[in-house]
2 protein chains.
Amino acid sequence: MGITERRAREKDDLRRQILATATEMFVAEGYESVSMRKIAERIEYAPSTIYLYFKDKGEMVASICYDTFAELERRMEKIRVLELPPMETLRRSLREYLEFALENRSAYSFVMSPPVAVISSLDPKTFESIHEVALQAFDRLRTGMRLCMEAGEIAPGDLEAKVQATYLFVHGVALGLNYNCGFPFIDKDILLEHVLDRVLGSLK
Amino acid sequence: MGITERRAREKDDLRRQILATATEMFVAEGYESVSMRKIAERIEYAPSTIYLYFKDKGEMVASICYDTFAELERRMEKIRVLELPPMETLRRSLREYLEFALENRSAYSFVMSPPVAVISSLDPKTFESIHEVALQAFDRLRTGMRLCMEAGEIAPGDLEAKVQATYLFVHGVALGLNYNCGFPFIDKDILLEHVLDRVLGSLK
DNA sequence: GTAGGATACTGAACATCGTTCAGCGAAGCA
DNA sequence: TGCTTCGCTGAACGATGTTCAGTATCCTAC
């Protein structure tokens, strides 16, 4: 019965190839500039073939989002297992988060704030699964910060406010540095260190 | 010679009406979902008429950006002329900035990070004028923070790093709160106060 | 070995999009 | 009253996302 398996494998391969090509193009040229026809041409299939693998353009975006979140999650987990002191873990995680955002440039912005039209066109099940993986990442931050608070490294108080603000700060830096608007930002390393100092320092 | 004046006035009125309608629709339905045809239908003119007032869709966006920045600038200036102590001015300005972003919901996100495709389609002159007004707003923040530093209310050190990080923090909060992703943020007022405390507290 | 069905893919079509342009009607000037 | 100018339109073009009837290829069963 190896035939059906081979078929499934081939089908999966093409799906992956479509996704890889699409991701590359979205990031390089922007969501709106990349048409289904262009993707099809690049992979040398008819445009309609893509619709055998993805319901529509929005579902491709959803898949990309999901994969990116998963990769981010993996990198965070790699730090957690080091079992460093909680504050050290927190600092390293935030730094890794920012570096991930900078490495993945426009992919980050794309995944973290896709066009509203895309989001609202998603079917509820797909939306839910993305929402879940995002909340999970947020939960990781919350847990990490709770540990810091319990260790007395973060001043006691409204944990949720601290967590949400911390996320928004870091997210703002990630988005801002990625958004290529021609603004003359200072040296990224200096800025990042300063950001981490202030974000974490204000938690004491 | 009142005739040409009346004509000019009428022309200006229609331009303003197009822009007002477009802004409203972009904010409500998102940039991509609003077509030139829909705007035309709403103002009860032919689609091609819009092109007599705006070079293309991108130029409409540019105008909206420009106007929004101008409005923000006005609100900042209103605080500056109060001539409060520098740190008080800074806090009020940042708060006003965040409130402006929250009042104008998606307009803020739209103006602060329009689709890349839109930006790159702008003619250089238009782009430059928007860039300039944005830099001007940033300059205002820099000046305000320099005054605080000179008054000894901000610890001495790399001013530019402090200014850029401060902006990115506040920008992140503004964008994050506006992006309607279904995330369960805590009470906005509590979060905002916490944010201001941390952003400003970490400058001491 | 061949009929029959499943599978993978295609090409043409549809509605809609941003945008252009020749031309129309009315308003003002001579 | 003729002429020019001005504001506006309707039809058209190419490109978009998406659908669907149909084709060609492969696998199974007789």
Side-chain angles (χ1 to χ4, degrees), chain A residues 1-19 21-22 25-26 29-64 114-123 126, chain B residues 1-19 21-22 25-26 29-64 114-123 126:
Chain A
M1 263 321 129
I3 285 167
T4 56
E5 283 159 21
R6 196 208 68 218
R7 285 238 171 145
R9 189 157 19 90
E10 282 175 0
K11 210 164 157 62
D12 211 57
D13 280 353
L14 183 48
R15 194 191 139 93
R16 231 188 297 277
Q17 193 197 339
I18 294 173
L19 212 53
T21 305
M25 294 177 77
F26 282 145
E29 305 169 34
Y31 176 71
E32 305 301 336
S33 321
V34 176
S35 67
M36 298 301 256
R37 284 174 169 85
K38 280 190 207 162
I39 299 173
E41 195 179 359
R42 182 101 138 232
I43 57 171
E44 298 181 296
Y45 280 86
S48 47
T49 302
I50 299 180
Y51 289 88
L52 300 174
Y53 294 83
F54 299 93
K55 198 172 96 356
D56 53 24
K57 209 179 171 189
E59 199 183 279
M60 298 187 60
V61 175
S63 290
I64 294 172
V116 216
V118 176
I119 300 268
S120 53
S121 75
L122 252 45
D123 73 300
T126 314
Chain B
M1 264 317 132
I3 286 168
T4 57
E5 283 158 20
R6 196 207 69 218
R7 285 237 169 145
R9 190 159 17 91
E10 282 174 0
K11 210 163 157 62
D12 210 58
D13 280 352
L14 182 48
R15 194 191 139 93
R16 230 189 297 277
Q17 193 197 339
I18 293 173
L19 212 52
T21 306
M25 294 178 77
F26 282 144
E29 305 167 36
Y31 177 71
E32 303 302 335
S33 319
V34 177
S35 68
M36 298 300 256
R37 286 173 167 85
K38 281 190 205 161
I39 299 173
E41 195 179 0
R42 182 100 139 232
I43 57 170
E44 298 180 297
Y45 280 86
S48 47
T49 302
I50 298 181
Y51 288 88
L52 299 174
Y53 293 83
F54 299 93
K55 195 173 96 4
D56 54 24
K57 208 179 172 189
E59 199 182 280
M60 297 187 60
V61 175
S63 289
I64 294 172
V116 216
V118 176
I119 300 268
S120 53
S121 75
L122 252 45
D123 72 301
T126 315

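Naming convention: chains lettered A, B, ... in sequence-line order (proteins, then strands); numbering from 1 in each chain.
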Partners of T49(A) by side chain to side chain donor-acceptor pair (under 3.5 Å), sequence neighbours excluded? none
Between Y53(B) and R15(B), which heavy-atom pair has the shortest distance, and what is it? O-NH1, 3.2 Å
Summary of side chain to side chain donor-acceptor pair (under 3.5 Å) pairs that have at least one residue in residues 36-47 of chain A, sequence neighbours excluded: E24(A)-R42(A)
Taken to the nearest whole Å, CZ/R15(A) to P/dC9(C) is 14 Å
Find the distance Y31(A):OH to dG17(D):C1' and express it as a whole number of Å. 9 Å
Output one line per pair: protein atom, nucleotide atom from nucleotides 8-11 of chain D, and distance, for all N/O pairs under 3.5 Å.
unit_1, atom_1, unit_2, atom_2, d
dC8(D), OP2, Y53(B), OH, 2.5
dT9(D), OP2, A46(B), N, 2.8
dT9(D), OP2, T49(B), OG1, 2.3
dG10(D), O6, S48(B), OG, 2.6

Nearest-Å distance for atom pair CD/C1', residues E10(A) and dC26(D): 11 Å
Between dG7(D) atom P and D13(B) atom CG, what is the distance in whole Å? 13 Å
Please report, rounded to the nearest Å, how far the P atom of dA12(C) is from the OH atom of Y51(A). 18 Å
Rounding to an integer number of Å, can you tell me how far M60(B) CE sits from dG18(C) C1'? 12 Å
Any side-chain to backbone donor/acceptor pair from K57(A) onto Y31(A)? Under 3.5 Å, distance only. yes
Under the side chain to side chain donor-acceptor pair (under 3.5 Å) test, residues paired with R16(B) that sit two or more places apart: D12(B)
d(CD1, I50(B); C1', dT20(C)) in whole Å: 14 Å
So which protein nitrogen or oxygen atoms get under 3.5 Å of nucleotides 15-17 of chain C's nitrogens or oxygens?
unit_1, atom_1, unit_2, atom_2, d
dC17(C), OP1, S35(B), OG, 3.3

So, using side-chain contact (heavy atoms from CB on, under 4.5 Å) as the criterion, who are the partners of E10(B) when residues are at least two apart? R6(B)
List the residues meeting side chain to side chain donor-acceptor pair (under 3.5 Å) with E32(A), not counting sequence neighbours, and say none if there are none. none
Side chain to side chain contact (heavy atoms under 4.5 Å, CB included), that's the test. Do K55(A) and T126(A) meet it? Break it down for me. CA-CA 11 Å; K55(A) 198 172 96 356; T126(A) 314; over 6 Å; no
